[in-house]
Q: 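Shown below is the structure under consideration.
Both counts, for ligands and for their atoms, begin at 1 and track the order of listing. Since the model is a prediction, treat every value here as computed from it, not as a measurement.
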Amino acid sequence: MPCVLLNLCEYDTQKLVKIKSVKLGSLKWTLNGVILMFICIMLLWNKEYQQYDLVVSSVTTKVKGVVKTNIPDIGEVVWDVVDYSGPSQGKNSFFVATNVIVTKNQKQGICPEVPPSGKQCRTDKDCEKGFSDQYSHGIQTGACVKFEGLKKTCEVSAWCPIENKKRPRPALLASAENFTVLIKNNIRFPAFNYIRRNILMNETDLKGCIYNKYTNPYCPIFRLGDIVSEAKENFGDMALEGGVIGVQINWDCDLNSIFHNCVPKYSFRRLDEKESNRTLYPGLNFRFASYSTVNGVEQRTLIKMYGIRFDVMVFGKAGKFSIIQLIIYIGSTLSYYALTTVFLDWLIGTGCYSKEAKQNYTEKKFESVQDREECFLCVSFVDENNLRVVKKSRKKTLQQTRPLSLHQRKNDLASMRTLIGVLQCGPSRSLPVQNGQSDVLPKSTETPLLEKPQSGCQAWCQCGCCQPSASLHEQLCCRLSKGRCITSSPLFSKLILNQSVLETALFYVDPLAELHEGTQLRHGAYAQFIRWRFGDITPRDAVPVIPSCCVWRIRAEYPSPDGKYSGLRLHQAMSSFQAEVNAQT
Ligand code: ZN
Ligand code: ZN
């Protein structure tokens, strides 16, 4: 919990390495300039500063024109909009008939089937009574009858006579290319509450106009022939079989007051498959009939109609300046500048620089730090020449934890030499300790301990001097295998326990220190032990741990007045190696 609170009061910032190089500097600014230019071009080109909305639209159409045709068997007929528009109109589309086959006065009865729907026959045996399939015009009666000349086909019960005419060529209503259509298109951009329609002119101008891509691009009245030729088709050819033409209206609107622009743009293209030989059912056609009753007998006129369907499709979007969009765009482009760093780092890392320069940059740039979460402890055994780095275990005693790595002991002899010099001169006069604590500080190693826990034979102890401890990382002996304790070494008493040496060591660090308490000497002794056995810097920044026998020996020499010791405090010790003094109290 304190860690969380501590994090709230902290701010982390990045540490940067400044390389003073004209080459790299100019390269950086050139690259940044190129990126900035790219961003600006994209901003203006794609209008990234705008908020967009899609069009909602409605379309209505009105076709106009009449045509006079000569239909075989019927004669001259004048077609107006009702005739050629077909029986129904789809949504956003209109139909114009271009070719027709009319079969007049059909009645219910029996008549010969028409090839190719019905195959030819010789006798009645070739015809199956009641047979029909999806190509039949009626139900077979079982008779084989004369059809035309010497040809015989099966007789069917159907609307007779059956439609049997070729598609007229050229198309009967080929002159429908002169028809005109008025396309009314109302659009709306809901996000901007903007309404507009494609009729941009007044009534007089509208009446006389015909759309032309170049001279009259905003006129909503179109000549059908122009639409088809704009779609790169020939009206006469298309009229034979029919087809589908798409009329696309595109609204690309800029609703900013300065650049306001919202006009439709028309384009045309054929939507169905054009090549007859590539599609099984080419073009567009359908049949319908008109019924009448003559002398109580129902008759119908069957009309097969070929024609062109025009589908009107409306696309569009409108854009308006939005500060939020601009901020989002700028924000999204900032990451492009990282490319400069990536590129320059790559340049430094690769061949462009000498090995020494590269090494120099890398050393300055990367600082290797140990993962402090993983608490490493450093252990030194008197019967082993190496320092052990151990990971703190939750299950095993420190004595039994297997080492992560072994390191050669690197004693910093400079400070030790000073101390040894002091030792050689003989112990100086001990300073009187104030607060009357001198009474409490026993000089002799034989002095009974104040609150020494019951000495017992610990399973992990090899020297026989260690004390029991509940904490697993305090269960550490001075030895790896059975033998003499380090505390029995003469140097231990001289270097660690001798009061005048400890005072000298404390004054060495702080020449004007005032010695009041035994605690200072105890801590000094711990530090002294660490300096002696571990050196000034432990490998991998691990926390040095003093064996139990040594801790209790030091405590016996410089006990706490209240007999309380807080033990090894790892979190504090880890904050700084200098805090080693506080590591054990
Ligand atoms: Zn021991
Ligand atoms: Zn020991």
Q: Tell me if the OH atom of Tyr218 is crowded by more than 12 foreign heavy atoms within 6.0 Å.
A: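 No.
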Q: Should the SG of Cys485 and the SG of Cys549 be checked, would they turn out to be under 2.5 Å apart?
A: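 No disulfide here.
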Q: Determine whether the side chains of Glu474 and Ser469 contain a donor N or O and an acceptor N or O closer than 3.5 Å.
A: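 The answer is yes; a qualifying pair exists.
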Q: Say whether Tyr194 and Asp53, considering side chains only, have a donor N or O and an acceptor N or O under 3.5 Å apart.
A: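 Side chains of Tyr194 and Asp53: no pair found under 3.5 Å.
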Q: Do the numbers put Arg553 on top of the ring of Phe492, so that NZ or CZ is under 6.0 Å from the six-membered ring centre and no more than 45° off the axis?
A: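 Here Arg553 fails the 6.0 Å and 45° test against Phe492.
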Q: Does anything in residues 310-335 pair up under side chain to side chain donor-acceptor pair (under 3.5 Å), and if so which pairs, sequence neighbours excluded?
A: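 As it turns out, the side chain to side chain donor-acceptor pair (under 3.5 Å) pairs with a partner in residues 310-335, which skip direct neighbours, are Arg309-Asp311.
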Q: Below 2.8 Å, which protein N, O or S atoms neighbour the Zn ion (ligand 1), ignoring water?
A: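 Metal shell, protein only: Cys461 SG, Cys463 SG, Cys466 SG, Cys477 SG.
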